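As structure tokens, the structure follows; a few thoughts come after it.
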Amino acid sequence: MIEHRKFGEIADLKLRREAWIESATPLYRTDIDADVVVGNDAFIRNYNLGTCILGACIAPQMRSERSLEQISRQSLDHISFRVFLSGTSDLQVDGRSFELKPGDLQVLDMSQWMRSNSHGSKPVIH
């Protein structure tokens with residue numbers, strides 16, 4: 001199965017922003033400042049490879065959190081790997097803070113709380 005969402009196809013900028021937030025909702029509580037535009041090039045593409053999902057995206061500047069409520073409700077025991085090819089992200093996990101830069105590999109245990117503040121990323125491989 002391949003899922004591909006092109007957010008630039010949504011002409012109304014407010015609806016485009018809401019669509020991006022909604023697309024992240026299953027895994028993260030996400031917020032995008034009202035003055036941040038989700039660009040015409042923003043997309044999410046996922047390939048379901050059975051026991052692994054491989055994806056890529058171009059993302060706007062946003063804040064994301066994997067909340068304790070989501071963790072307890074979903075009982076996911078997955079590991080997420082992300083490689084940032086551009087942009088940066090300030091990540092908080094396990095009481096520590098990290099700055100992720102292009103070329104960095106992010107490894108997240110999806111059963112743990114995390115918060116990130118991403119500063120535009122093009123593309124992110126996850």
Side-chain angles (χ1 to χ4, degrees):
M1 173 181 85
I2 300 173
E3 176 192 344
H4 189 174
R5 297 191 75 183
K6 295 180 184 177
F7 296 89
E9 294 174 351
I10 303 170
D12 183 289
L13 295 180
K14 183 178 180 203
L15 291 177
R16 186 185 305 172
R17 180 181 166 277
E18 291 170 1
W20 181 277
I21 291 170
E22 184 178 316
S23 73
T25 298
L27 294 176
Y28 303 101
R29 195 168 32 188
T30 301
D31 190 33
I32 301 172
D33 289 338
D35 63 337
V36 172
V37 174
V38 176
N40 287 331
D41 59 349
F43 76 90
I44 297 173
R45 183 180 305 123
N46 290 313
Y47 303 89
N48 186 337
L49 305 175
T51 58
C52 174
I53 295 175
L54 178 64
C57 71
I58 292 179
Q61 182 174 323
M62 64 184 169
R63 290 177 300 285
S64 300
E65 179 177 356
R66 180 108 176 106
S67 71
L68 295 176
E69 177 187 337
Q70 286 173 311
I71 292 165
S72 66
R73 186 182 38 190
Q74 295 172 342
S75 300
L76 284 179
D77 62 353
H78 296 61
I79 301 294
S80 169
F81 298 91
R82 292 197 282 180
V83 177
F84 290 79
L85 300 180
S86 69
T88 62
S89 182
D90 301 317
L91 178 67
Q92 296 174 346
V93 64
D94 197 25
R96 297 179 298 196
S97 295
F98 306 90
E99 180 186 15
L100 299 167
K101 297 175 262 182
D104 288 347
L105 172 65
Q106 173 185 331
V107 180
L108 287 176
D109 177 348
M110 297 298 282
S111 69
Q112 301 295 315
W113 175 89
M114 66 72 84
R115 180 181 297 143
S116 72
N117 187 9
S118 298
H119 308 285
S121 36
K122 299 180 181 183
V124 172
I125 309 299
H126 56 97

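These numbers were taken from a predicted model, which means no experiment stands behind them.
At a threshold of 4.5 Å between non-hydrogen side-chain atoms, the residues L27 and Q70 do not count as touching.
Residue R66 holds its CZ atom at 9.5 Å from OG of S80, rounded to the nearest 0.5 Å. To the nearest 0.5 Å, atoms CD (Q74) and OG (S111) are separated by 11.5 Å. Within the model, atoms NE2 of H119 and OG1 of T88 stand 4.5 Å from one another, a figure rounded to the nearest 0.5 Å. Between L91 atom CG and S97 atom OG the span is 8.0 Å, to the nearest 0.5 Å.
The list of side-chain hydrogen bond (donor to acceptor under 3.5 Å, both in side chains) pairs with a residue in residues 54-65, not counting sequence neighbours, reads R29-E65, D31-R63, D33-R63, E65-W113. Note on residues 58-79: no pairs pass ring-ring contact (aromatic ring centres under 6.0 Å, His included), not counting sequence neighbours.
Between the side chain of Q106 and the backbone N or O of F84 there is no donor-acceptor pair closer than 3.5 Å. Of the possible polar contacts, none joining the R17 side chain to the V37 backbone as a donor-acceptor pair under 3.5 Å is found.
Qualifying side chain to side chain contact (heavy atoms under 4.5 Å, CB included) partners for N40, counting only residues two or more places apart in sequence or in other chains: R16. For N117, there are no side chain to side chain donor-acceptor pair (under 3.5 Å) partners, not counting sequence neighbours. With sequence neighbours excluded, the residues satisfying side chain to side chain donor-acceptor pair (under 3.5 Å) with S118 are S89. Considering only residues two or more places apart in sequence or on other chains, F7 meets the ring pair (Phe, Tyr, Trp, His ring centres under 6.0 Å) condition with W20.
Residue M110 is not grouped with residue I71 when hydrophobic side chains (ILVMFWY) are merged at heavy-atom distances under 4.5 angstrom, including chains of intermediate members. Under the 4.5 Å side-chain heavy-atom criterion for Ile, Leu, Val, Met, Phe, Trp and Tyr, V83 and F81 are members of the same hydrophobic cluster. At a threshold of 4.5 Å between side-chain heavy atoms, the hydrophobic network of Ile, Leu, Val, Met, Phe, Trp and Tyr places L85 and L105 in one connected group. Grouping the Ile, Leu, Val, Met, Phe, Trp and Tyr side chains by contacts below 4.5 angstrom, directly or via other members, places L108 with F98.
When every heavy atom of S72 is checked against every heavy atom of E69, the shortest pair comes out as OG-O, 3.1 Å. Closest of all the heavy-atom pairs between R5 and S23 is NH1-CB, 3.2 Å. Heavy-atom minimum distance, V38 versus I32: CG2-CD1, 3.9 Å. Counting all heavy atoms, side chain and backbone alike, L15 lies closest to D12 at N-OD1, 2.8 Å.
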Task: Derivation and outcome, side-chain contact (heavy atoms from CB on, under 4.5 Å), residues D109 and I79 - done: CA-CA 5 Å; D109 177 348; I79 301 294; 4.2 Å; yes
